Amino acid sequence: MIVRRLIAVLGAGSLLAAAGCGGSAPSGAAGDAAGSGDGPVRIGALHPVSGSMAVDGLQMRRGAQLAVEQINESGGIASLGGREVRLATADTQGKPEIGQSEAQRLISGGAVGLIGTYQSSVSSNVSVVAERNEVPFVMDVTASDEIFQHGYRYSFRVQPGSAKISESAAEYLEQVSEKAGKPAERVAVLHEQTDFGTGAADAFEVAAGKLGMEVGPRISYDATTAADFTSQITQVKASGADVLVVAGYYGDSLLIAKAVDAVKPDLDAVWGVSNGAYDQPKFVSDAGELGDRYFSTNYHFDAQNPETRRLRAEYQQRFGAPMRTGAVLSYDAVQAIAAGVEEAGSTDPAAVRDGIARARIAPLTVGNGPVRFGRDGENVNSAAVLMQIQNGRVKQVYPPEKAESDPDYSVAW
Amino acid sequence: MTATIDTDAPETRAPSATLAVLKRAGVVGALVAVAIAVALVQSGSGIVVWQSVVTGLLTGGLYGLIAMGLTLIFGVLDIVNFAHGALLAVAMFISFGVVQATGLHPYLTMLVTVPALFLVGVLVHRGLLSGSGGATLENQLLITLGLSLLLENGLLLFFGAEPKNVGLPGETHLDVFGAVVAGSRLYAFAGAVALGLALYWMLQHTGLGTAIRAVASNGPGAELVGINVRRIHTLTFAIGAACAGAAAALAVPLLSVTPTLGEQFNITAFVVVVLGGMGNVVGALVGGLLIGLVEQLTTIYLDGQSSLLGVFVVFVLVLFLRPQGLFGRRT
Amino acid sequence: MSLLELSGVDKKFRGLHALSDVEMSVSEGEIVGVIGPNGAGKTTLFNVICGALKPDSGSVRFSGTDVTGRKPETIARRGMVRTFQLMRPFASMTVAENVSLAAQHHTRGAARLRDHATEVVARVGLEEWAHRPATELPTAGLKRLELARALAARPRVLLLDEVLAGLLPAEREPVLDLLAELREQDGTTLVFIEHIMAAVMRLSDRVLVLDQGAVLATGTPDEVTADPRVIDAYLGEEPTTDADA
Amino acid sequence: MLTLEKLSAGYGRMRILHEVDLHVGAGELVALVGANGAGKTTTLRSICGQLPPQAGRIVFDGGDTAGRRPDVLVRDGLVHVPEDRALFGTLTVEENLRMGAWTASAEDTTTRLEQVYDLFPILAERRGQVAQTFSGGQQQMLAIGRALMAGPRMLLLDEPSTGLAPKLTWTMLDAVREIRDTGVSVLLVEQNAKQALAIADRAYVMESGSIVLSGGGGELADDERVRKAYLGL
Amino acid sequence: MTDTAVESRRQTRPGAPAAPPLRPQNRQFAVLAVLVLLAIPLPLILPSAQGAVAVRILIFLIMAVGWNIMSGFGGMFSFGHAAYFGLGAYTSAYLLVEHGVSPWVGMAAGMVVAAAVAMVIGYFSFRYDLKGAYFALATFAFAEMLRLVTTSSDVVNGAVGYQVPLIQGSSVWQMQFPAGSPAYFWIALVLAGGAVALSILFRHSPAGRYVVAIRDDELAAASVGAPVMRHKLLTVALSGAITAVAGAFYTQYYLFIDPQLAFGSSVSIEAIVTAVIGGIGTIWGPVVGAVIVGSLSDVTATLLATPPEFLSFLQGRSGLDVILYAVMLILIVRLMPKGIFGTLADKISERRRR
């Protein structure tokens with residue numbers, strides 16, 4: 001008796017909660033659930049706006065919002081008679097299972113496509129949801145290359161994959177060091193030991209090997225516990241390597257820079273690959289002089305593109321913070337979906353998918369041309385750029401056509 | 001009249017206890033020496049191993065520092081304080097905030113963090129842990145677990161997840177027989193030793209310290225000599241929290257300050273506490289050094305493995321074989 | 001033939017000699033009382049017999065087999081069951097559940113278990129309490145529950161640790177009657193620690209006196225109570241004159 | 001000094017003491033004897049504040065002790081030495097003694113420390129030794145010494161002879177009488193009836209949670225009924 | 001003798017409570033059946049996002065039931081149930097991805113592996129007599145070790161983890177269905193119902209009664225013949241196996257698993273918190289707890305998406321749901337140590353007795 005009553009009460013409670021969730025979708029969601037009504041075209045954005053990734057998540061959500069505003073200002077979707085676009089947002093909390101249910105919610109709310117999600121584990125889940133529902137999913141930031149090995153039809157990615165960045169890093173390193181007259185021969189690699197760092201280091205090792213560089217020592221570390229890298233840097237110093245490649249997150253990369261400053265190994269360069277710190281303005285201010293002349297190969301907003309400059313200025317003005325590359329990628333991802341709708345002339349997600357596959361989008365991030373998706377869903381023209389901290393600023397230095405200034409192949413100590 | 005009662009107490013027992021501790025210290029020392037020798041063979045580079053040992057000891061000092069407050073709470077109140085790491089994070093944020101607001105030298109923020117954490121400790125103990133609801137071990141564990149989630153996410157809610165950094169003004173590097181030591185780490189290490197000695201002195205030679213040990217040794221007995229046990233418990237918890245405050249000020253130049261930074265230290269600190277024997281402040285310091293070494297040597301032994309793995313292996317071995325810790329006495 | 005036999009049992013705690021060289025033999029159907037002042041080692045003796053403690057040396061034989069250092073549950077299942085001086089009910093269970101648990105190792109099936117438990121509960125006079133939480137019982141009830149639980153395990157030898165302590169004189173009678181009946185009807189062998197001498201006198205065939213871990217005397221109740229050493233051990237020595245000096 | 005009026009006490013629903021009346025005058029040494037499980041220890045635990053009474057009153061020095069914890073009563077001069085001695089095992093002898101004077105001034109601590117060392121010289125010899133390495137007799141001396149450090153006006157002693165060899169028991173009880181002679185009231189719980197009755201001014205005999213006999217110490221010592229209460233003859 | 005027995009069963013005196021039913025499990029099974037029947041139409045009624053929440057609740061439920069058997073009934077406070085969840089998840093994922101074995105077989109294999117590991121960890125912990133905090137810390141250490149070893153083992157894809165390949169169409173044997181299919185919910189419902197049924201069966205079996213007695217008083221239980229070690233091992237094995245089911249189903253539903261998701265300490269904490277909030281050591285506590293904890297993050301998400309006026313400052317802030325559940329955990333432990341269900345059940349049975 002008691003039990004049943006209790007369960008009934010709780011059941012009612014959870015139904016209420018569930019109803020509440022449904023209610024959180026903007027009103028009218030049910031009306032155009034099929035995506036065929038006259039209302040705005042809905043694009044779903046999944047980002048971690050709570051939890052430890054919230055800062056980046058929020059940046060990306062805002063970047064997507066700016067893209068939607070830009071589209072509407074320039075007349076909406078022309079092929080649908082100027083229909084407006086609206087962003088439907090969701091918080092993944094950085095958890096795959098939340099990401100999955102939120103993706104489901106956005107899709108049943110009538111989203112024609114999804115963007116997201118900043119984390120590989122969440123993107124892995126959302127890509128499956130997208131595939132099953134036959135709704136396109138354009139990834140803005142997602143490092144994992146694994147997702148694109150399943151032959152999913154509905155998954156796309158704007159940013160260059162981890163392997164591509166690593167290959168570019170090896171290539172740029174070879175060329176830049178050669179040009180400076182100090183060709184890199186022996187490269188030490190220090191990487192965090194999860195998926196992200198290991199993947200980057202593996203790809204780099206292969207690419208560098210092909211270019212005739214010797215990789216070693218390779219040292220991995222646990223980013224969640226490492227508090228001091230003096231020993232690792234001493235090991236690098238003892239090995240006689242010319243260059244130190246670092247694939248890590250922000251905090252650990254900062255500690256590595258401090259240890260390099262302490263040990264002062266005999267290096268020609270410190271080189272970030274997909275690094276979370278060495279191309280961040282925050283690193284410049286946190287590390288100060290000891291970060292000077294650090295290189296970083298990564299995806300990046302295109303600092304040479306006036307459109308990008310305009311967008312970043314607007315972001316800075318509206319939100320009081322510099323716009324990060326992730327947010328610019330979200331902007332591009334929304335543009336990709338909008339272009340897909342434009343191309344398809346329909347809000348049917350399957351048609352939009354084909355539209356995206358056909359579309360060409362001028363990106364605000366660095367690329368070798370317009371965003372164009374290959375068979376596997378990867379952006380064929382995605383590219384990584386080399387940045388260096390010069391005089392307290394992060395500058396694009398290579399390849400030459402993207403360079404703001406010349407690379408300075410030397411170290412500060 | 002004098003009552004003389006002849007006794008059969010073996011008088012050799014006290015010295016033999018000291019001897020046993022020395023013997024165990026010898027065994028541990030020998031194990032460490034062997035471990036270092038193996039590392040030398042494995043790595044092939046003297047300087048790398050030496051740097052690892054130095055780094056391990058310095059990091060270990062930090063672990064000892066953080067574990068001191070925890071061991072006090074564990075030993076006297078029998079509370080597995082899962083919120084200790086979160087308290088450390090709170091103290092770090094206070095320290096960071098003070099540096100930001102006033103430009104004070106990071107170490108001087110101790111003047112704020114220590115009293116602040118002391119107060120937090122009083123509030124937490126009085127508000128959450130003492131009294132009937134907190135009675136059983138599991139309940140206290142769950143309450144402190146809840147508290148750590150609360151504090152971490154509270155910090156997240158109000159300060160965001162962006163890591164914050166505090167530099168040490170006038171940071172220098174020293175050369176110790178070829179190994180490089182950052183001044184900030186050396187100061188933190190010295191601070192850990194000083195704090196450990198201060199705590200030890202306080203426990204051994206002050207009335208309050210003796211009372212704390214008395215309560216730990218026999219709570220009902222302490223009540224029978226007129227000690228207000230609940231007050232001593234609160235004070236002990238507050239002192240333990242204040243230790244986290246001191247640790248925070250010493251460690252703030254070394255780490256990126258994030259709401260969840262306590263997590264990485266929490267479990268290490270528990271290992272240190274168990275290793276050193278619960279309630280044993282000097283044991284915590286020694287245990288900290290050992291764990292620091294274990295971490296560094298793990299990375300030499302097992303390339304590609306997390307340094308935590310070695311820590312957990314040592315932990316499990318200690319739990320099974322010497323649950324009273326290296327320097328504790330089996331009860 | 002002796003059913004339970006201890007020889008040379010020694011047990012030390014941190015230098016304290018809790019039992020030294022204890023010899024003891026109990027025949028089938030016998031009732032043996034164990035007496036001795038506080039701290040004499042009586043409960044330690046039970047702990048060693050029932051496997052809760054391992055003796056440092058010496059052996060415990062039960063029904064012809066050596067059970068020294070065997071696990072308590074093994075010894076219990078063989079038919080040697082004890083009660084505890086400080087009552088240890090299963091706090092989350094009712095009285096009947098406490099009792100039927102003890103019968104589980106020889107009786108299967110919910111209905112048969114319940115019948116068995118009901119019978120035992122009635123036998124110790126706890127019917128009214130059968131379905132209440134065991135923790136609600138008063139002292140006397142808990143003592144009976146200890147007894148009931150041990151009985152439900154179908155003991156051949158029942159070791160009772162102060163089942164009468166804390167009972168009012170009026171409450172003792174039925175328990176004593178029950179113990180007597182156990183031997184008469186069930187043929188159970190009883191070894192019991194007791195301070196209440198009237199009970200020891202009335203029930204025991206033989207009495208074993210422990211003092212400071214050693215067997216001070218054995219014999220019939222009359223022999224033992226007349227033994228001056230026993231009286232000394234109990235009431236303490238007379239004041240000696242030289243101590244006044 | 002101390003009066004119990006119809007005191008009933010116990011644990012939870014379990015009642016162990018049934019309306020106990022008892023009185024200890026100033027400077028008196030009163031023995032409370034009885035068989036195991038008669039309720040003697042429970043009586044002491046109630047008096048010292050560890051176990052709140054279920055009914056009845058405890059009046060110490062003219063005031064009701066209701067709701068006062070042991071640490072508060074110690075400040076008023078009522079000190080309890082429990083049967084398990086409750087020593088601080090990891091502390092040295094001297095630390096144990098100094099803790100005994102937690103409520104006293106530094107001056108008093110020093111003088112009392114000397115007095116205790118005078119009473120039990122062995123403690124002075126081993127002042128630096130850790131208490132848990134002591135034998136039973138030494139622990140008992142330390143426990144009493146620690147209680148004296150508080151400067152008690154009334155001492156509750158629970159079975160000071162437990163675990164002692166018979167010869168030592170007497171010496172111990174003699175020390176108790178010595179303490180009485182310094183003006184401290186003592187309520188002594190003993191199973192060791194003969195000796196307790198021999199030194200007590202007055203005595204109560206307890207059985208099944210009630211007082212069944214009372215009278216002068218010497219008078220009860222010869223009383224056949226005491227013997228019966230123990231041996232049940 | 002028989003007469004008194006009958007009389008006491010007939011129960012005439014007002015003071016004595018009535019004899020409980022001979023098989024109390026029958027009533028609990030009935031309740032379970034009703035609950036399951038009521039839940040069957042849910043996925044057809046709920047919008048799909050809420051359907052996903054409902055599945056998540058069921059996963060929490062299985063985890064909490066598993067934890068409750070060991071820590072609630074058995075009193076062995078585990079702080080490392082992520083170990084068993086993760087073993088279930090990884091075993092099934094490994095078998096499916098590397099060897100194409102059906103997830104159902106993988107689930108069964110995961111149960112076996114988890115039970116075996118639980119028994120090994122348990123054996124050593126009991127052998128060395130770890131109790132209370134030490135036991136909790138040891139279980140935690142084992143779970144963390146599994147996480148670290150998995151992270152760096154190429155055999156199981158290291159930190160990358162496993163992504164379950166998507167198949168075309170739906171297959172019960174492969175446990176894959178189209179988006180929004182109610183089948184996932186129904187499978188989870190069967191598994192959760194089975195877990196609760198197993199927990200009921202166990203609780204009322206001779207073994208389960210021994211386990212509870214051992215929890216209450218180990219020596220007393222041994223003294224009436226309860227085989228202590230064997231039953232403790234049985235308990236941890238059963239607990240591990242049930243928790244492994246949650247892990248295996250999780251992998252199959254979310255189609256992705258990595259070391260942090262599988263063995264991370266947050267998994268252990270979720271299992272504990274769910275059972276504690278509902279009520280430790282009761283059959284229905286984990287059920288109640290799962291409904292609350294499982295839907296909590298969605299309730300807060302809703303609250304934050306469109307916050308009421310006085311909470312508007314929280315919009316866009318993070319961590320609120322965890323704060324809520326932390327506060328709930330602390331309050332429940334302080335004020336209702338038996339959890340929501342345990343406390344209510346006590347109150348009601350007390351009132352009934354009066």
Side-chain angles (χ1 to χ4, degrees), chain C residues 47 50-52 71-84 87-94 96-111 113-115 117-123 125-134 146 149-150 152-155 159, chain E residues 1-26 72-75 126 203-232 280-282 338 342 346 349-350 353:
Chain C
N47 281 335
C50 292
K71 286 190 216 152
E73 61 259 32
T74 315
I75 295 174
R77 282 174 175 238
R78 290 190 179 193
M80 193 147 65
V81 183
R82 54 108 48 115
T83 68
F84 293 92
M87 300 73 83
R88 305 176 75 149
F90 303 127
S92 66
M93 303 183 184
T94 65
E97 285 166 349
N98 262 274
V99 173
S100 70
L101 186 99
Q104 266 191 183
H105 69 85
H106 56 73
T107 300
R108 286 281 141 131
L113 258 180
R114 185 174 70 177
D115 290 346
T118 313
E119 187 185 314
V120 176
V121 167
R123 197 165 182 186
L126 282 177
E127 304 97 314
E128 281 178 43
W129 295 87
H131 303 299
R132 290 202 190 178
E146 279 288 330
R149 210 167 55 182
R154 286 208 183 129
L159 298 126
Chain E
M1 213 45 53
T2 339
D3 281 355
T4 34
V6 170
E7 194 173 67
S8 82
R9 226 177 300 166
R10 210 180 293 140
Q11 217 305 119
T12 44
R13 269 171 266 233
L22 186 56
R23 289 186 183 79
Q25 58 267 47
N26 290 351
F73 298 154
F126 306 143
R203 176 64 186 82
H204 297 287
S205 72
R209 286 191 295 260
Y210 270 149
V211 164
V212 172
I214 291 167
R215 173 194 73 188
D216 283 358
D217 190 324
E218 188 167 318
L219 180 59
S223 299
V224 292
V228 175
M229 180 62 118
R230 202 196 316 156
H231 280 85
K232 280 184 167 180
I280 296 183
T282 61
K338 289 184 169 178
D346 270 12
S349 73
E350 206 166 284
R353 209 178 312 148

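What you see is a predicted model; the values in this text were computed from it and never measured. Side chains are part of it too, since the values below use all heavy atoms of this structure and drop only hydrogens, waters and symmetry mates. Numbered from 1 within each chain, the chains take letters A, B, ... in sequence-line order.
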Just how far is it from atom [atom1] of [X] to atom [atom2] of [Y], taken to the nearest 0.5 Å?
{"X": "E97(C)", "Y": "R209(E)", "atom1": "CD", "atom2": "CZ", "answer": "8.5 Å"}
{"X": "D216(E)", "Y": "L101(C)", "atom1": "CG", "atom2": "CG", "answer": "9.5 Å"}
{"X": "R82(C)", "Y": "L219(E)", "atom1": "CZ", "atom2": "CG", "answer": "6.0 Å"}
{"X": "K71(C)", "Y": "M229(E)", "atom1": "NZ", "atom2": "CE", "answer": "7.0 Å"}

Quiz item: Do the side chains of Y210(E) and E73(C) get nearer than 4.5 Å, heavy atoms only?
Solution: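 Answer no - side chains too far apart.
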Self-check item: Heavy-atom side-chain contact between V212(E) and F90(C) under 4.5 Å
Solution: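 The answer is no; the side chains never approach within 4.5 Å.
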What are the two closest heavy atoms between [X] and [Y], and how far apart are they?
{"X": "R77(C)", "Y": "G225(E)", "result": "NE-O, 2.6 Å"}
{"X": "S92(C)", "Y": "R215(E)", "result": "OG-NH2, 3.1 Å"}
{"X": "P206(E)", "Y": "Q104(C)", "result": "O-NE2, 3.0 Å"}

Exercise. With a 4.5 angstrom heavy-atom cut-off, could you sort out which part of A226(E) is near chain C: side chain, backbone, both or neither?
Key: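 The backbone, not the side chain.
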Self-check item: Segment of L113(C) engaging chain E (4.5 angstrom heavy-atom cut-off)
Solution: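 The answer is the side chain of L113(C).
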Quiz prompt | Contact leader toward chain E among P155(C), A111(C), C50(C), A96(C), where contacts are heavy-atom pairs under 4.5 Å | solution =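 Ranked by heavy-atom pairs under 4.5 Å with chain E, first place is A111(C).
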Self-check item: Donor-acceptor side-chain pairing of R88(C) and S223(E) below 3.5 angstrom
Solution: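 No, no side-chain donor-acceptor contact under 3.5 Å.
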